[in-house]
Amino acid sequence: MIIEDEESISMALEDDFRVENYDVEVASDGIDGLAKAADPEIDLIILDIMLPGMNGFEICKKLRNQGIKTPIIMLTAKGEEIDRVLGLEFGADDYVTKPFSPRELQARVKAVLRRMEKEPDDVEENLFRSGELEVDYLQYECRISGSKVNLTAHEFGLLKYLIQNRERVINRDELLDEVWGKDVVVSVRTIDTHMANLRKKLGEDPFRSGLIRSIRGVGYKFSPE
Ligand code: CA
């Protein structure tokens, strides 16, 4: 999406991007631009600053306040306050200073889109899903069928460690070292108590193997099958 009031610029950009097989939407004033830019189909916004109706700074800020995270590249004039453009205040992703070459802008667009594509992977690494269970390592949250399970920090640590090492059985000493820390003195029984509480919170039957299996004489294993 291109929001730019100077027709010579917006038409040239539209042509350049169409040649590169992008679908292009154009708006020539701020109000119209803001309305169109909120469309979730839009993958990237090229946003001029001086616009009739509403300026680019305001559009950027309003979109971010609405929770719209579509990447934005601002078209700035020399001397405009770049730190404010990119900083928290407005939340743009990049900027290009006028006058710019079409190739420069295309390169920025590609770089920003590439950066965006990578993010879903990062999210996946921080989120574990198996059946009804969802563990969010960033938010320290565990959910079953979408409802939050309140775990203590140690219970969460145990669950996370078991999931991340689910290809093997983990003995209690290792769990103590990894979850409580090497210099903390805790009895091995403590692990069993925490593990029992964790399993109960996950809705597991202590007499049957569920997500967490207790391997007698050895330790524990996460096995969602
Ligand atoms: Ca302008």
Side-chain angles (χ1 to χ4, degrees), residues 1-129 134-141 143 146 148:
M1 158 122 234
I2 299 163
I3 309 176
E4 164 66 83
D5 61 322
E6 267 168 78
E7 214 175 325
S8 59
I9 297 180
S10 76
M11 278 171 70
L13 287 179
E14 189 179 356
D15 286 347
D16 289 340
F17 282 99
R18 283 199 201 279
V19 166
E20 295 289 311
N21 287 319
Y22 291 91
D23 287 327
V24 185
E25 280 277 341
V26 180
S28 56
D29 77 88
I31 311 280
D32 184 35
L34 176 65
K36 285 186 178 166
D39 181 342
E41 291 282 296
I42 306 279
D43 295 313
L44 184 133
I45 301 158
I46 294 170
L47 180 58
D48 187 30
I49 292 174
M50 296 303 287
L51 290 163
M54 186 187 291
N55 73 42
F57 291 131
E58 276 179 77
I59 293 175
C60 197
K61 207 168 173 178
K62 282 205 157 66
L63 289 170
R64 295 301 185 243
N65 286 343
Q66 289 170 31
I68 294 163
K69 298 192 179 77
T70 311
I72 296 173
I73 297 179
M74 303 280 274
L75 301 180
T76 66
K78 265 211 182 86
E80 254 152 351
E81 296 164 81
I82 302 308
D83 336 342
R84 294 178 70 212
V85 172
L86 295 181
L88 283 176
E89 195 174 346
F90 297 112
D93 297 87
D94 204 351
Y95 70 93
V96 172
T97 307
K98 285 178 173 178
F100 52 86
S101 75
R103 277 180 60 188
E104 183 189 355
L105 181 58
Q106 299 240 356
R108 297 295 180 90
V109 166
K110 283 199 180 111
V112 170
L113 288 175
R114 242 192 336 265
R115 214 155 68 205
M116 293 297 133
E117 270 167 25
K118 281 195 189 128
E119 284 185 359
D121 294 337
D122 298 343
V123 168
E124 282 309 305
E125 274 171 36
N126 292 315
L127 192 70
F128 172 81
R129 272 200 201 98
E134 213 174 74
V135 183
D136 185 333
Y137 303 139
L138 279 185
Q139 306 293 327
Y140 280 84
E141 249 181 48
R143 293 178 286 268
K148 204 177 151 190

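Counting starts at 1 for both ligands and their atoms, following the listed order. These numbers were taken from a predicted model, which means no experiment stands behind them. Numbers for residues simply follow the sequence, beginning at 1.
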Original post:
Can you check side chain to side chain contact (heavy atoms under 4.5 Å, CB included) on Asp48 and Ile9, steps first, answer last?
Top reply: CA-CA 10 Å; Asp48 187 30; Ile9 297 180; over 6 Å; no
Original post:
Quick one: are Leu13 and Phe100 in side-chain contact, heavy atoms under 4.5 Å?
Top reply: yes
Subject >> Under 3.0 Å from the Ca ion (ligand 1) - protein N/O/S, by chain and number >> reply: Asp5 OD1, Asp48 OD2, Met50 O
Original post:
With a 4.0 Å cut-off, would you call Asp29 and Lys36 a salt bridge?
Top reply: no
**OP:** Can you measure from CG (Leu51) to CD1 (Ile31) and round to the nearest 0.5 angstrom?
**Re:** 10.0 Å
Original post:
Got Lys62 and Met54 here, is their nearest side-chain heavy-atom distance under 4.5 Å?
Top reply: yes
Original post:
Tell me, do Glu4 and Val26 make a side-chain contact under 4.5 Å, heavy atoms counted?
Top reply: no
